[in-house]
Amino acid sequence: MKSQDIRKQFLEFFKSKSHSIVPSAPMVLKDDPTLMFTNAGMVQFKEFFLGNSVPKNNRVTDTQKCLRVSGKHNDLEEVGHDTYHHTMFEMLGNWSFGDYFKKEAISWAWELLTEVYKINPENLYVSVFEGSNDKDNLGLDKDALKLWKKIVPEERIIYGNKKDNFWEMGDQGPCGPCSEIHIDIRSEEEKAEIPGRDLVNMDHPQVVEIWNLVFMQYNRKANGDLEELPAKHIDTGMGFERLCMVLQNKQSNYDTDVFTPLLKEIESITGVKYGASDDTNIAMRVIADHVRAVAFSIADGQLPSNTGAGYVIRRILRRAIRYGFTFLNTKEPFIYKLVAILSDQMGISFPELRSQKSLIENVIREEEASFLRTLDQGLVLLENLMKDSADKTISGEKAFELYDTFGFPIDLTALILRENGYDLDEKGFEAELKKQKDRSREATQVSAGDWVELNSVNEESFVGYDELEAEVKIAKYRKVESKKKGEMFQVVLDKTPFYPEGGGQVGDKGVILSSDGEAIEVVDTKKENNQIIHFTKKLPKNTEADFKALVNSSERSNTASNHTATHLLHQALRSVLGNHVEQKGSMVQSGYLRFDFSHFSKVSSEELQKVEKFVNARIRESLKLEEQRGISYNEALEQGAIALFGEKYGDSVRAIRFGDSMELCGGTHVKNTSDIWYFKITGESAVASGIRRIEAITGEAAINYFEKQTNILEEIKSGLKNANDPVKAISNLQDENISLKRQVEILLKDKAKNLKSELKEEVKSLNGVNFLSRKVDLDAAGIKDLAFQLGEEIDDLFILFGTEQDGKALLSCYISKSLTEERDLNAGQIVRELGKYIQGGGGGQPFFATAGGKNPVGLNEALQKAESFIK
Ligand code: ATP
Ligand code: MG
């Protein structure tokens with residue numbers, strides 16, 4: 001069965017059990033402070049498990065793009081070395097939000113595997129949570145056991161401990177016991193030797209977990225206690241690539257049609273056969289795996305960068321490059337060439353790969369080229385380190401510097417040292433690494449207390465599109481502490497006019513006012529698990545009082561101007577540059593806006609002017625805001641709305657229209673484009689290969705900008721003769737400047753010529769040497785020039801020139817080649833000795849050398865001493 005069909009059958013099966021099929025959420029998370037990437041299917045549904053919002057359907061099924069490279073679930077080091085862990089993989093899942101529970105989850109899973117996919121049940125093992133004796137003091141999962149016993153013989157049921165059979169998303173939040181389904185795909189002989197049940201959860205590559213059924217029934221609180229969830233949920237996750245391995249009768253995920261096209265292409269690029277050796281096999285698997293993770297992230301809008309999620313992506317790509325470099329001898333960018341294959345193969349299920357193919361290729365190619373340069377430089381540095389090492393050991397500090405400052409991978413360092421017979425102080429390196437990790441952990445560590453709940457949150461809790469103030473109550477609050485920001489409070493209101501950071505727009509600031517006049521400042525607003533959180537430095541005295549929530553209105557209106565302007569800018573760019581322009585990121589705040597978009601070359605100044613004109617024309621047209629809330633996603637797209645990749649949209653969306661510009665957007669906007677006043681671009685630059693950035697200002701900021709420019713112009717004019725035409729006046733000055741420079745050059749040449757004939761007269765014969773020693777008034781280059789010219793005209797010449805410039809002394813010594821050879825005179829040696837008179841030093845060659853010093857007073861003495869070398 002083709003992988004495409006395997007995926008389809010899963011979704012169809014659960015559809016037949018009344019589940020609705022939903023799309024995968026983006027793999028890169030934009031507004032979850034606890035998680036960088038989706039690491040399991042349940043992540044996009046967290047808000048439902050936590051009870052923060054109510055799902056439209058209480059049964060859903062999907063395939064979710066997951067990435068396990070950081071945090072609690074990190075498989076990176078396994079990937080490529082084993083055959084069944086990936087960085088990016090698809091997790092097939094079915095969910096019940098407070099609907100069916102263990103009975104259906106278990107029997108449907110069994111039905112699908114054994115009746116639809118026709119897996120031999122004798123190869124399947126299931127596990128049940130055995131309970132725990134720790135402080136949670138949980139009992140055996142009797143319900144699950146009873147249900148399994150009805151379908152699976154006792155000898156294939158395994159009792160699992162907390163590590164394997166109690167699933168937790170993180171340190172806090174929904175959790176519960178689980179039943180895993182494992183498969184044994186070994187040969188009959190191997191099975192006869194060791195029973196499968198002895199190999200479950202023992203990291204055997206042919207006895208692996210394929211599906212995990214989690215029974216969400218608890219919430220882990222901040223203090224570590226468990227509480228029963230009011231409603232019970234089902235969360236299941238099956239590894240798609242592992243399932244394909246089973247159904248396609250393969251022994252490795254990499255032998256399925258998910259990976260073989262990629263491996264074939266790697267073979268044809270590198271000329272290395274998959275299967276040739278362990279090292280090259282691992283390298284090829286690493287590359288085939290990592291290109292998926294990187295391509296999907298870029299499609300989701302996350303480019304490789306130096307911080308946060310972008311840095312994680314960069315490191316994954318570099319890991320792939322490094323495996324190629326070391327084991328497949330690839331010294332040129334090549335991973336980007338795999339993107340075409342990947343997008344052909346996965347594009348049907350994930351269209352974002354197709355539409356962004358050339359962007360993904362460009363970004364990967366640039367990253368590869370730049371990291372290959374780093375590797376080359378690192379090799380040179382490492383060679384120098386080896387040369388300088390007396391005891392054939394490289395210290396941990398040096399290796400860490402290479403790793404940290406230059407990005408040179410430590411395992412490559414270790415490998416090269418080993419090959420050259422050097423040792424690496426690995427303990428020292430680990431210590432340095434740990435120090436760095438501790439520093440960054442300390443800086444970012446946040447500890448959160450439990451929520452104190454006072455009131456419930458209104459269903460439509462955000463009222464900020466229409467109002468900037470509201471009568472509110474505190475729904476809940478908690479204390480959070482971090483090294484960076486100190487003690488803070490997170491406050492959730494029953495409803496709020498405060499816009500939470502999102503869609504590139506900053507969160508609102510303002511105050512929460514109590515009736516007795518106490519004002520609590522809101523320093524930021526963010527969204528977490530579909531709750532709007534206000535960040536404050538303190539709590540009101542009486543948290544149960546009535547409050548008025550007031551948004552800082554001037555900041556909000558400037559921000560709204562900038563947000564609407566980004567929509568018009570987006571439209572302008574598509575109109576001026578073409579429809580290939582896609583938004584790749586934006587930053588909207590009160591002071592300015594930033595807009596990143598895909599485009600292959602620098603935007604010329606004529607194009608920028610056109611864009612500016614386009615936007616300002618829309619502003620002058622006074623286009624009214626037309627807002628549609630709660631329209632269906634598909635209908636909005638049919639009306640021509642632009643949606644962004646990597647953004648998570650629900651079934652019902654908000655569409656914002658100004659004239660012909662229509663976008664799906666949750667941000668705040670002006671009521672009329674004329675409120676923006678004016679739009680001015682202040683910068684255009686490259687963010688990455690194929691991605692440009694425009695920075696711009698509007699409204700007050702634009703007016704301030706023009707005032708400042710006018711003042712600068714006035715100042716320039718006041719210094720010019722022809723103030724009416726400053727451009728002409730400046731160009732006249734420039735012309736004048738050029739002609740003056742030319743005249744000075746001619747004069748200096750004349751001066752040098754005169755000096756030369758003067759000096760020729762002064763040369764005296766001393767002990768068979770034509771000798772000259774005196775001060776001259778020329779710069780270092782002029783002196784050298786003069787000395788060599790004289791040398792060409794006079795044989796057996798010895799010159800010592802002294803000069804004083806900017807309070808410093810310079811001695812220059814010239815000696816004809818004939819003298820350096822026959823009389824053993826050495827200019828380098830001479831200036832070094834004479835250097836002491838001017839408190840300095842120098843050197844050079846036997847025929848020409850210079851010495852600089854800080855004591856010009858000593859020049860005369862040095863010049864007098866020159867004769868002694870001839871005598
Ligand atoms: P394992 O013990 O094999 O690492 P897990 O216990 O971490 O698996 P879960 O967190 O329960 O796995 O995830 C659910 C399913 O997702 C697993 O049963 C497996 O099929 C799949 N899966 C988990 N991690 C990976 C991975 N890194 N690559 C591919 N599939 C995975
Ligand atoms: Mg795991």
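Atoms within a ligand are numbered from 1 in the order they appear, just like the ligands themselves. Along the sequence shown, the residues carry numbers beginning at 1. Only heavy atoms go into these numbers, but all of them, side chains included; no hydrogens, no water, no symmetry mates.
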Output field: ring centroids His204/Tyr84 closer than 6.0 Å: no
Top protein contact for atom 6 (O) of ligand 1, by heavy-atom distance: Glu209 OE1, 3.2 Å
For atom 11 (O) of ligand 1, what is the nearest protein heavy atom, given as residue, atom name and distance? Asn212 ND2, 2.7 Å
Please state which protein non-hydrogen atom is closest to atom 19 (C) of ligand 1 and give its distance, to 0.1 Å? Arg242 NH1, 3.4 Å
With distance as the sole test, does Lys135 use its side chain to make a donor-acceptor pair with the main-chain N or O of Gly224 at under 3.5 Å? yes
Please report which non-hydrogen protein atom sits nearest to atom 29 (C) of ligand 1, along with the residue it belongs to and the distance in Å to one decimal place. Phe89 CG, 3.4 Å
Cationic N near anionic O, under 4.0 Å, Lys191 to Asp184: no
Identity and separation of the nearest protein heavy atom to atom 1 (P) of ligand 1: His85 NE2, 3.5 Å
Can you confirm if the aromatic rings of His73 and Phe37 lie within a centre distance of less than 6.0 Å? no
In the protein, what heavy atom is nearest to atom 27 (N) of ligand 1, and what distance, to one decimal place, separates them? Asp75 OD2, 2.6 Å
Give the atom numbers and elements of ligand 1 that come within less than 4.0 Å of a heavy atom of Trp211. 18 (O)
Of the choices Met88, His182, Met91, Glu78, which has the non-hydrogen atom that lies closest to atom 16 (O) of ligand 1? Met91
Begin from the C-alpha positions of Met42 and Val214 and carry the test side chain to side chain contact (heavy atoms under 4.5 Å, CB included) through to its verdict. CA-CA 10 Å; Met42 59 84 68; Val214 183; over 6 Å; no
Does Ile210 come within less than 4.0 Å of ligand 1, judged by its heavy atoms? yes
Please state which option from Glu90, Arg68, Glu241 has its nearest heavy atom closest to atom 9 (P) of ligand 1. Arg68
Strictly under 6.0 Å, is that where the ring centroids of Tyr403 and Phe429 end up? yes
Look at the rings of Phe48 and Phe45 and say which category their plane angle falls in: under 30° parallel, 30 to 60° tilted, over 60° perpendicular. parallel
So which of Gly239, Gly237, Cys178 gets nearest to atom 14 (C) of ligand 1, if we judge by its closest heavy atom? Gly237
So for ligand 1, is His86 a polar contact partner (N or O within less than 3.5 Å, distance only)? yes
Exam field: side chain Arg68 to backbone Met88, donor-acceptor pair closer than 3.5 Å: no
In terms of relative ring orientation, are Phe14 and Trp211 parallel, tilted or perpendicular, with 30° and 60° separating the classes? perpendicular
Ligand 1 atoms nearer than 4.0 angstrom to some heavy atom of Tyr84 are 28 (N), 29 (C)
